[in-house]
Amino acid sequence: MRYAILLMGAPYSDQASHSALRFARALIARGHCLETVFFYHDGVYNAARLAAPPQDEPHLVDGWVALNAEHGVTLQVCIAAALRRGLMDEREASRHGKSGYSVEAPFELTGLGQLIDLGLHCDRLVTFAH
């Protein structure tokens, strides 16, 4: 089966992010195809490259990056939700006259059309929220 995940929970605020990452790994371990994780609402904070949790806590941003590197899972971040929360990639930072950026590859800023497309083309779209 082809899966996609919609993640709307911020890392470290509740269990949504941690549960979504564990679910993603379980799907792949069982032989399913996880195409994309779409980060929306406070879930966009999972793409913050400057996150530095204590060493005794899981580093969720690194977990998503590893999932991409190991299995080719696309990591899409809603651009409107990200910009609203001060998260942007280098291109958007330049466009808005900002001196720094906080989102980098493999996370991609995309629009809600991508989420609609996932719902149409994947067998299952599983949502994790707070």
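Sequence neighbours left out, the pairs with a member in residues 111-130 that pass ring pair (Phe, Tyr, Trp, His ring centres under 6.0 Å) are Phe23-Phe128. Sorted by first then second residue, the salt bridge (Lys or Arg N to Asp or Glu O under 4.0 Å) pairs that include residues 112-130, not counting sequence neighbours, number zero. Applying the side-chain hydrogen bond (donor to acceptor under 3.5 Å, both in side chains) rule to pairs touching residues 96-110 yields Glu92-His96, sequence neighbours excluded.
The closest side-chain heavy-atom distance from Leu109 to Leu87 is not below 4.5 Å. Side-chain contact between Leu112 and Tyr40 is present, with at least one heavy-atom pair separated by less than 4.5 Å.
Legend: residues meeting side-chain hydrogen bond (donor to acceptor under 3.5 Å, both in side chains) with Gln55, ordered by chain and number and at least two apart, are absent. Applying the side-chain hydrogen bond (donor to acceptor under 3.5 Å, both in side chains) test to Gln15 and every residue at least two apart in sequence or in another chain returns nothing. Listed by chain and number, the residues in a salt bridge (Lys or Arg N to Asp or Glu O under 4.0 Å) with Arg30 amount to none (sequence neighbours excluded). Residues satisfying the salt bridge (Lys or Arg N to Asp or Glu O under 4.0 Å) test with Arg25, not counting sequence neighbours, are Glu70. Every side chain to side chain contact (heavy atoms under 4.5 Å, CB included) that Ala80 has, sequence neighbours left out, goes to Cys78, Arg84. Under the rule for a side chain to side chain contact (heavy atoms under 4.5 Å, CB included), the partners of Arg85 that lie at least two apart in sequence or sit in another chain are His41, Asp42, Val44, Tyr45, Ala81.
The two atoms that bring Val61 and Ala51 nearest to each other are CG2-CB, 4.0 Å, heavy atoms only. Pairing each heavy atom of Trp64 with each of Ala20, the nearest pair is CH2-C, 3.8 Å. Between Ala47 and Val77, the shortest heavy-atom contact is CB-CG2, 3.7 Å.
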Which donor-acceptor pairs under 3.5 Å do the side chains of residues 4-13 make with protein atoms, sequence neighbours left out?
{"unit_1": "Tyr12", "atom_1": "OH", "unit_2": "Pro58", "atom_2": "O", "d": "2.7"}
{"unit_1": "Tyr12", "atom_1": "OH", "unit_2": "Leu60", "atom_2": "N", "d": "3.0"}

Please list every donor-acceptor pair under 3.5 Å in which a side-chain atom of residues 32-39 meets a protein atom from a residue at least two apart or in another chain.
{"unit_1": "Glu35", "atom_1": "OE1", "unit_2": "Arg2", "atom_2": "NH2", "d": "3.2"}
{"unit_1": "Glu35", "atom_1": "OE2", "unit_2": "Arg2", "atom_2": "NE", "d": "2.3"}
{"unit_1": "Glu35", "atom_1": "OE2", "unit_2": "Arg2", "atom_2": "NH2", "d": "2.7"}

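Linking ILVMFWY side-chain heavy atoms closer than 4.5 Å, directly or via other members, places Leu67 and Val103 in a single hydrophobic cluster.
Residue Leu120 belongs to a hydrophobic cluster whose other members are Ile116, with links defined by side-chain heavy atoms closer than 4.5 Å.
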